[in-house]
Structures are given as structure tokens and as C-alpha cells.
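See below for the structure under consideration.
Atoms considered below: every heavy atom in the structure, side chains included; atoms not considered: hydrogens, waters and symmetry mates. The shown structure was predicted, so the numbers you read here are calculated from the model rather than taken from an experiment. When a residue number appears, it is its place in the shown sequence, counting from 1.
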Amino acid sequence: MKIKVSDVIAQYLKEAEIKTVFGIIGSANSHIFDSISKLGYTEIVCVHHEQSAIMSMGAYYRASGKLSAAIVTAGAGSSNAITGVLSNWADSIPGIIISGQEQLKFINNHENLRMYGIQGFNSSKMVSDITKYSVLVDNEHDIQNIIETAHFTTQNKRPGPVWIDIPFDIQSKQVQIGKWNLKSSITIDSADAIPIAINWDIDYIVNELKSSKRPLIWAGHGIRLSNMKSEFQNLIEKLKIPTILSWSGIDLLYDTHPYYFGRAGVNGMRYSNFIVQNCDLLLVIGTRLSLLQTGYDINQFAPNAKIIAIDNDPTELNKHSGKYNRKIEMDCKILIPDLTKKCQELQISDWLKYCTYVKSKYPLLEECHKDGGNNYLNSYHFIDKLFNYIDDDAIIVTDMGTGLLSGHYSARLKPNQLMFTSLGLGEMGYGLPGAIGASKAYNGRQIICLNCDGGMMMNLQELQTIIHHNLNIKIVVFNNDGYLMIKHTQNMLFKGHKTCVDKNTGISLPDYVNVGNSFGFKSYSLNNWNRFNDIICKWLNGNNPSLLEVYMDPNQEFVPKVKGVATENGTIIPAPLEEMSPLLPLEEIKHIMIAGISEHSKKIVR
């Protein structure tokens, strides 16, 4: 029996067990929406901007590990989606984007023109650099093979989004389809994780771990993408090895896990940075060691350590190839079980004592995290306290700015809590669509969305999506009167001259309690600790959407942080990770740096 191409798409979603997709209807994708609706298996979550559809699609996967899709229309519907596609590409998030397109005759007749038909353009070509597979369906009989290819490609090896562009007239053509050949919609099968593990790579790691006196694991997003979280925890507990996490892998270990020692980096935890800089072996698993992880001078990163990097993307391994002692191209799905079988508990009691000592000596909240005056709350302190109140299985999604920096620093995650954001692209406006995707992945589970006043405006329209679906999303809006991170940039570069960062210099933002109320949120505000318990309990009460505006010092610093530092001759040099501002006395650095202090530390004016 022959069916419409659009019906093939609907049937694919059912066959792949894709129960939720995100999108906005238009003329050019109306057949697809109609077929999905009539089949009745897949819910279409209608958002109010196409970038939100793609971000929500990716967040659905981040939260659940299950594949989703986004349906957009031609013209601006497709171009609007590109920020979301790039976001998922940067963070290796799989997902299938299906776009409507002008009729095929216009594409063929107008291929040399700027626009096809009414509003068409070559969207599959435009996204080709930020997708793993992008294709225009110009023959209706290819549709099943194209979908199967896209389904496999988006999940295979290093995941990423794929894009299928389907002309309007092709969508209504009749085709014959056969039996579907689909891989799992959860993650790739073990047999597909390539290259195949080589025993001598595993043996090399085991031997290096045995001979090391101060080993450390830095674990990241690749472990989550391989669906190996629990297996990774088993490995850590068998080795009894200190472990730090990337921000993308923030929930791989819970806060009180005995071998968890924080999150290092430019905006990381001071004690974590000390541990990295003193280790003699660094095993990097599934994290790409971005600039914000290593600091601004790679030569000063982990200066006393052999570094073994494991990644399934050879281009990432080659990025710091001169710094790595061993590069191993391998999927975590192979590495972790094999390494667990061969390794033994490490005899590193002195190193564990040191790690525990620095963790206790340098708690998260420092003197610099005191509240500002004039009824302002410090965002680091607020988030630290907030984690005493949220659900044990809450999912925390952050936007950029304050939500990102304070959230990923102060979060104290429990075993069943999840936390994520967009880290590769770091686009303002991610918070709301990210929270929607997470909420749809786990209907009813509490979602905490950490926003700032600037980022909220980038996708403010999605407040209506939250209200429409009555999602259990609890929104925090940090009010810092504009773009706080850029204020600090202007302080550094332009001696404090401000442009377009607050209401006095060209950008103003609304009263979010009024905004929340107008959309139908239960909305509250907080600017001191006196009513904290009362307001937080009201805000978190129930399973309905609610919003809390938190007033913070509009000039609050994001510290501790690795910054450029002055030397005695007046030059500015990049600080090594152990030299976080506010700077510690040199004698204290000497005491903590058991592997020896760097030459840079000796030159810094304190």
C-alpha cells in the first residue's frame, strides 16, 4: 500500500518511539503536521520561535537520552532555527530537524536566484557545516532511506543534529515503504562504538595508574552521551581515585560522593584547580578540554602531569596533541567497561588526604561571596542555599550569565538530580526552551530554570508555551540591571566606560514579576534573606509554573576566577589555574602547591 511522504515521517516517529517533537506550523510543512496529528502517536509541542524548537529538541535528549525531532517551515522558519542547530552541533546533541520547502519546480527553476518561489532558500546547504548530514529530498522514493540514514548518523560516533529538507509537493506524493531499519533511539549499540578497543591502550592506562602517585580523572559529556553514567561511577569506586567533572558532565557524580572533587577551570572551584595543578597523571575521559577548562595558556595547564586523553573524535584529540602524552581514540562505551575489568584499587592514600584537605580548606563560599548592600543577594550564596529546598530529582537548566556562572559553581547536586545548559555556543535565551524540553522529557518532574534578566528577553515568548502546557517549571530571574558579564568586560578594557549594558547606558529590562503575572505565572520577588524561606516555599509549592525575581548587586563580581594578572614590570600575563582572583598570598600558594610553584606565580603582584 502506498502512503504520503508526510505519513512516512509520522510512521517513522512512531517506529523510532519518538513521542515528542517541537515545532511551528507553516504552509510549507503543513502536510507533515497533519500526518503526525492524524496518526496520533507523537505529540507536537508548539513553541513560539523556531530556535526554541531546536533548543527544546536538544534539551529533551540531554534530559532523557532519547531522540527527538523538530519540524520547521520554509524561509524564515528555517533560518530562525539555525542558532538552535549550532547549539546542538557544538554540544554534540543528536536530533532530527525536518524543514518544509518550496515546491520542487521552484527549486529547480530558481536554483541560481537568491530565493526559491515565494520564500525558499537552500537551507540544507546553509546548515551543512553545522550538521552531520543535511539533504534536500528531491525524489519521493528516497524518503525512507534518507530518514534511516539520518536516524543512524545523528547518533553514531560523536552525535550531532541532522537536517532533512522536504519540498511541499514532495510531502504529498505517494510512495511504497518497506520494513524500517532503525538503530535504538536511546544511544548507539556497543558494537557500533568505533574504533574497537585495543587492549594495549587499556593496559597502558592501567599501568600508568598503578605507577602514579597523584592520579586524577577529569570526566565529561562524552560519558553521558555514551549512556555510561552508572558504569563510570563503578569505575571510580573501584579505583578509589579523585575525580573532577566538566560543566557538561556536572551530574556524573553527586556532591557528597567520596571521590568527587569539584569542577575546575577559569570559573571553577579553587580547590579543584589546586588538585589539577598538582596531579602527576591526568586521565581525560570524554571532555574536550576547552579554553575555559585549561586556562588561557595551555603550557601552564597541569604542568606536572602526564596527560592521557580519550575521545571518539580525533580532531579534538589533535587540538592539544603537543600537550598530551597519549591520545586514545575510543568511545566511552568501550573504554569504561574494559578499564573497569582490568583495573585495581589504587594505593594513593596520601594523595586522597591532600585532595580532601584542600577541599575542606577552600569551601565554595568565600569572603567575596558576601551579599552586596542596598538589599541585594549574592547569586552564589542564593544558589547554594536554594539547593536545600529543591526536589531530590529536580532537573536544573541554566541560561547564560549569572545563571550559568553562579549555577555551575554553587550547585550541590544529589544522586538523582540532572543539570545542563548550552556550553559550546553559550547563547543567551537557552534557559526557557531548555527547561521546556526537559519538562517534556519527564512530565511532572520539577524543573529549576536559572535565568538572568538579559537572557530572559531573548526567548521571552516561551513563557506562553510553559503556561499553555502547565509545566512544572520554576524560573529564577537574577535581576542585575542588564548585561553583568559585559559590564566587567568594559571595566577591564575601557576603564569602566559603559555602553549599552544597563538602563543608564541604553538597555532597559522589565519588571519580571509584572511580566510573569501577565502570562499567568505565580510570581514573587526577593531582595533580602528575611523572607527567603517563606518566598522560596511559596515559589516551589505545587506543580504549576512559577517565577521568582532575585535582586542582586548590579556590579557583582563573578569570582573566584582565573584572570590576567600584573607583574612587577607592569605587564599583564595569563594566570595559571592555581592563581584564581582574589589572589592568595604567595606563601599560601607555596604551601598548597606540593608539586612546586610556577615561575608565573613568582612574578605576580599581589
Side-chain angles (χ1 to χ4, degrees), residues 2-13 18 21-39 42 44 46-47 49-54 57 68-86 88-89 95-151 153-154 160-175 177:
K2 290 187 175 182
I3 61 174
K4 287 169 57 176
V5 165
S6 59
D7 291 336
V8 176
I9 295 167
Q11 286 197 9
Y12 155 70
L13 295 173
I18 296 176
V21 299
F22 304 85
I24 297 178
I25 194 167
S27 296
N29 65 6
S30 55
H31 281 289
I32 301 170
F33 271 69
D34 183 69
S35 293
I36 295 172
S37 175
K38 285 177 177 174
L39 186 61
T42 302
I44 305 172
C46 298
V47 294
H49 194 291
E50 286 82 3
Q51 72 170 356
S52 296
I54 316 301
M57 174 199 76
S68 183
I71 320 291
V72 300
T73 193
S78 292
S79 64
N80 282 348
I82 290 175
T83 296
V85 177
L86 180 54
N88 286 314
W89 170 256
I96 296 177
I97 300 100
I98 300 173
S99 60
Q101 182 58 277
E102 294 288 335
Q103 294 183 48
L104 189 60
K105 65 179 181 180
F106 294 125
I107 298 171
N108 291 332
N109 293 336
H110 299 167
E111 63 178 342
N112 295 320
L113 301 178
R114 290 193 176 189
M115 303 298 290
Y116 307 151
I118 298 173
Q119 60 176 163
F121 68 97
N122 195 339
S123 59
S124 60
K125 180 181 179 181
M126 181 170 284
V127 300
S128 60
D129 283 346
I130 55 172
T131 56
K132 292 187 68 182
Y133 175 67
S134 62
V135 61
L136 169 70
V137 181
D138 57 7
N139 185 328
E140 65 270 22
H141 300 293
D142 294 336
I143 186 63
Q144 186 172 12
N145 180 62
I146 286 172
I147 291 174
E148 289 173 348
T149 301
H151 181 90
T153 303
T154 193
V162 295
W163 184 291
I164 305 174
D165 193 31
I166 310 178
F168 179 73
D169 53 331
I170 293 286
Q171 294 171 30
S172 62
K173 298 273 181 138
Q174 298 285 317
V175 295
I177 65 168

Legend entry - Ile118, CD1: over 12 other non-hydrogen atoms inside 6.0 angstrom: no
Inset, instruction - Apply the test side chain to side chain contact (heavy atoms under 4.5 Å, CB included) to residues Phe168 and Ser30: give CA-CA distance (whole Å), side-chain angles for both, the deciding distance (0.1 Å), then the verdict. - result: CA-CA 8 Å; Phe168 179 73; Ser30 55; 3.7 Å; yes
Inset, instruction - Identify the two heavy atoms, one from Thr154 and one from His151, that lie closest to each other, and give their separation to 0.1 Å. - result: CG2-O, 3.3 Å
Inset, instruction - Calculate, to the nearest 0.5 Å, the distance between atoms NZ and CD1 belonging to Lys4 and Ile170 respectively. - result: 13.0 Å
Inset, instruction - Using the ring-ring contact (aromatic ring centres under 6.0 Å, His included) rule, collect all pairs that involve residues 120-144, keeping only residues at least two apart or in two chains. - result: none
Inset, instruction - Only counting residues at least two apart or in another chain, list the ones meeting side chain to side chain contact (heavy atoms under 4.5 Å, CB included) with Ile82. - result: Met126, Val127, Ile130
Legend entry - Those residues that, when tested against Asn122, pass side chain to side chain contact (heavy atoms under 4.5 Å, CB included) (two or more places apart): Tyr116, Ser124, Lys125
Inset, instruction - Say whether, by atom type as modelled, one donor and one acceptor occur between the side chain of Asn29 and the main chain of Gly26 under 3.5 angstrom. - result: yes
Inset, instruction - Determine the minimum heavy-atom distance between Gly160 and Lys132, stating which atoms define it. - result: N-CD, 3.5 Å
Inset, instruction - Can you measure from CG (Leu86) to CD (Gln51) and round to the nearest 0.5 angstrom? - result: 11.5 Å
Inset, instruction - Report the distance from atom OH of Tyr12 to atom CD of Gln144, rounding to the nearest 0.5 Å. - result: 12.0 Å
Inset, instruction - Output the distance between atom CD (Glu140) and atom CD1 (Ile143), rounded to the nearest 0.5 Å. - result: 10.0 Å
Legend entry - side chain to side chain contact (heavy atoms under 4.5 Å, CB included) partners of Ile3, counting only residues at least two apart: Met1, Asp7, Val8, Gln11, Ile177
Inset, instruction - Please check if the side chain of Thr153 supplies one atom and the backbone of Ala150 the other of a donor-acceptor pair under 3.5 Å. - result: no
Legend entry - Criterion side chain to side chain contact (heavy atoms under 4.5 Å, CB included) on Ile25 and Thr73, from CA distance to verdict: CA-CA 7 Å; Ile25 194 167; Thr73 193; over 6 Å; no
Inset, instruction - Please check if any side-chain donor atom of Asn80 sits under 3.5 Å from a side-chain acceptor atom of Glu50, or the reverse. - result: yes
Inset, instruction - Provide the closest heavy-atom pair for Pro161 versus Ile97 in the form atom of the first, atom of the second, distance. - result: CB-CD1, 3.8 Å
Inset, instruction - Please name all residues satisfying ring pair (Phe, Tyr, Trp, His ring centres under 6.0 Å) with Phe106, sequence neighbours left out, ordered by chain then number. - result: His110
Inset, instruction - List for me each residue that meets side chain to side chain contact (heavy atoms under 4.5 Å, CB included) alongside Lys38, sequence neighbours excluded, and say none if there are none. - result: Asp34
Legend entry - Approximate separation, where rounding is to 0.5 Å, of Asn88 CG and Thr83 OG1: 11.0 Å
Legend entry - Heavy-atom pair with the smallest gap, counting every atom of Val85 and Ile54: N-CG2, 3.5 Å
Inset, instruction - Side-chain contact test, heavy atoms from C-beta onward, threshold under 4.5 Å: evaluate it for Thr131 versus Val162 and give yes or no. - result: no
Inset, instruction - Considering non-hydrogen atoms only, spot the tightest contact between Val47 and Ile24 and give its length. - result: O-CG1, 3.4 Å
Inset, instruction - Check Ile164, Leu136, Ile166, Val72 against Ser99 for a side-chain contact (heavy atoms from CB on, under 4.5 Å) and give me the one that passes. - result: Val72
Legend entry - Trp163 CH2 to Ile98 CD1 distance, which is reported to the nearest 0.5 Å: 11.0 Å
Inset, instruction - Mind listing the closest non-hydrogen atom pair of Glu102 and Ile107 along with its distance? - result: O-CD1, 3.6 Å
